[in-house]
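Computed from heavy atoms alone, side chains included, the values below leave out hydrogens, waters and symmetry copies. Not measured: the values here are computed from a predicted model.
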Amino acid sequence: MTIRLYDTSARQTRDFTPLVPGCVSIYLCGATVQAAPHIGHIRSGLNFDIMQRWFAHRGYDVTFIRNVTDIDDKIIAKSADQNRPWWSIGYENERAFNSGYDVLGCLPPTYEPRATGHITEMVEMMRGLIERGHAYEADGNVYFDVRSYDGYLELSNQELDNLLQPSGEGETGKRDPRDFAMWKAAKPGEPSWETPWGRGRPGWHLECSAMAHKYLGKAFDIHGGGIDLIFPHHENEIAQAKAYGDDFANFWVHNHWVTMANEKMSKSLGNSVLVSEMVKAWRPIVLRYYLGTPHYRSAIEYSEDALREAESAFARIEGFVQRVVEKAGPVEPAAEVPPAFAEAMDDDLGVPQALAIIHTTVRQGNSALAADDKEAAVARLAEVRAMLGVLGLDPLDAHWAGESDRGEDLHGVVDTLVRLVLDQRQSARERKDWAAADAIRDQLQQSGLVIEDSPSGPRWTLGPR
């Protein structure tokens, strides 16, 4: 089956045909590093990590660009408020973002360019747009003339006459209030770079157009980002790139938000949940399951109850994996995923449907274990590992090995203590004191342990909170 993706620009799901056979080129608008990331920021990275993994599984050579916006109005404002260099704030938060991507198991991008490293490319693009009559200089600023590009607003499906273009302080000299800034004239004390039109700094939209051109050329397959970027950011990127002469992106793919009380999670609303804090309270693999398994185009309403449900659901998968490994030893992932899983993923990255296949396969594997059918259980585990690998959720993958190693010394101490209690329970069972045996089991469960009686004896695991 051909991979199909929902294209925002076409407002429909389309068959994906790469511009270069066997290759996929993806540009994702990455972090604006004015503060540490919350889970809403990281969701985008997770969704496109799954996209990258699926294309690779299907045999494509993937080039994945995720940029870093390390200069903008918010970073400069933070610099003034904290009396710190702007680059210090940017670098600190860039590292926080990369830590967040890594702890949740995202593969590194092919390249991760910073905006400030590409001023030369931005100046070149502005020069070309001015020469073509699509941009103009005024008071040291450079603006894009939106009326000069006929396709403007086709992505966001707006009417130009009704447009309210966001405008920043100091954007003087516009011919039309709807024109947007590509370059902003220098202000005292702010970072700036020399250009033919005077010192200044880049506008947000210009950065991505120039970096996409540099790393992916005049045309590439997929441009991604959150739905909040459709306008003005992506609309303005398209105008700059196409007026410059690029074909730009063939598909536009947008992920939805993580919300709290039906509002977009954002720092400005004060309702953000930092990744660095979340991974202290929840296992990172569980957090990845929670953020990565809903469909990328659906909103996630944040709640602790939903996280507990995700924790319980993943525990069922992980428990099956552990039981088969205990019985049969290491099992390698299957070379191919089940056809139903592939069909779901090919259909606009249908992760919820694909996840249902995983849980069905886990149930089949558990039935095989109950029937002492080792061969069938191993086969199901091989399929489960292949599917989980596509989603970045294989608990046996080397990335997550450190997670199970954390607190290994403490685990040994707890295991010794639990074994003593389980021996007491077994003694009660042998003398047919069922009330005492059940009471011991209930007390262990209340402490957060799950006790499972198996043919080889009782085993314990940490239960969901």
Less than 4.5 Å apart, any side-chain heavy atom of [X] and any of [Y]?
X: I76; Y: P191; result: yes
X: V33; Y: T69; result: no
X: I358; Y: L355; result: yes
X: L388; Y: P395; result: yes
X: E112; Y: N67; result: no
X: V337; Y: E383; result: no

Hey, is [X] close enough to [Y] for a salt bridge, meaning N to O under 4.0 Å?
X: D15; Y: R4; value: yes
X: R178; Y: D176; value: yes
X: K174; Y: E171; value: yes
X: D228; Y: K264; value: yes
X: D72; Y: K78; value: no
X: R308; Y: E311; value: no
X: R385; Y: D394; value: yes
X: R283; Y: E318; value: yes
X: K184; Y: E190; value: no

Step by step, would you call Y290 with F314 a ring pair (Phe, Tyr, Trp, His ring centres under 6.0 Å)? CA-CA 9 Å; Y290 170 68; F314 185 73; over 10 Å; no
Is it the case that the ring center of [Y] lies less than 6.0 angstrom away from the ring center of [X]?
X: Y244; Y: H213; result: yes
X: F320; Y: H359; result: no
X: H256; Y: Y296; result: no
X: F251; Y: Y6; result: no

Does the plane of the ring in [X] sit parallel, tilted or perpendicular to the ring in [Y]? Use 30° and 60° as the thresholds.
X: H223; Y: F248; answer: tilted
X: H38; Y: H41; answer: parallel
X: Y149; Y: F144; answer: perpendicular
X: W204; Y: H233; answer: parallel
X: W54; Y: H57; answer: parallel
X: H205; Y: F180; answer: perpendicular

Should the pair R175 and Y143 be classed as cation-pi, given the thresholds of under 6.0 Å to the six-membered ring centre and 45° from the axis? no
Under 3.5 Å, is there a donor on one side chain and an acceptor on the other for [X] and [Y]?
X: T13; Y: D348; value: no
X: S25; Y: D221; value: yes
X: S156; Y: E235; value: yes
X: H254; Y: T8; value: yes
X: E301; Y: T259; value: yes

Main chain of [Y], side chain of [X]: is a donor-acceptor contact present, judged purely on distance under 3.5 Å?
X: S99; Y: R95; result: no
X: H134; Y: K242; result: no
X: S209; Y: L206; result: no
X: N93; Y: I89; result: yes
X: D49; Y: L107; result: yes
X: S79; Y: R84; result: yes
X: R53; Y: G389; result: yes
X: D179; Y: V146; result: yes
X: D7; Y: S9; result: yes
X: R58; Y: D346; result: no

I would like to know whether L381 and V325 meet side-chain contact (heavy atoms from CB on, under 4.5 Å); could you show each step before the answer? CA-CA 9 Å; L381 177 55; V325 171; 4.1 Å; yes
Considering all heavy atoms of both residues, which atom of [X] and which atom of [Y] are nearest to each other, and what is their separation?
X: R288; Y: C106; answer: NH1-N, 3.7 Å
X: C29; Y: C208; answer: SG-SG, 3.9 Å
X: G45; Y: L28; answer: CA-CD2, 4.4 Å
X: L104; Y: P284; answer: CD2-O, 3.4 Å
X: M51; Y: V253; answer: CE-CG1, 3.9 Å

Candidate pair S192 and K187, rule side-chain contact (heavy atoms from CB on, under 4.5 Å), full reasoning: CA-CA 8 Å; S192 63; K187 297 177 185 176; over 6 Å; no
Mind checking the [atom1]-[atom2] spacing from [X] to [Y]? Nearest 0.5 Å is all I need.
X: L291; Y: I42; atom1: CG; atom2: CD1; result: 9.0 Å
X: F220; Y: I65; atom1: CZ; atom2: CD1; result: 9.5 Å
X: T2; Y: R14; atom1: OG1; atom2: CZ; result: 13.0 Å
X: I238; Y: L155; atom1: CD1; atom2: CG; result: 4.5 Å
X: I230; Y: L153; atom1: CD1; atom2: CG; result: 12.5 Å
X: S148; Y: L129; atom1: OG; atom2: CG; result: 8.0 Å

With side chain to side chain donor-acceptor pair (under 3.5 Å) as the test, would you mind laying out the steps for R380 and N366 before giving the verdict? CA-CA 9 Å; R380 299 294 80 75; N366 281 328; over 6 Å; no
Show your working on ring pair (Phe, Tyr, Trp, His ring centres under 6.0 Å) between H118 and Y215 and close with a plain yes or no. CA-CA 11 Å; H118 298 80; Y215 291 95; 5.4 Å; yes
Tell me, with the steps shown, if I71 and E207 meet side-chain contact (heavy atoms from CB on, under 4.5 Å). CA-CA 10 Å; I71 185 70; E207 297 172 350; 3.5 Å; yes
Show, in sequence, the C-alpha distance, side-chain angles and deciding distance for W282 and L307, and conclude whether the side-chain contact (heavy atoms from CB on, under 4.5 Å) test is met. CA-CA 9 Å; W282 302 90; L307 263 165; 3.7 Å; yes
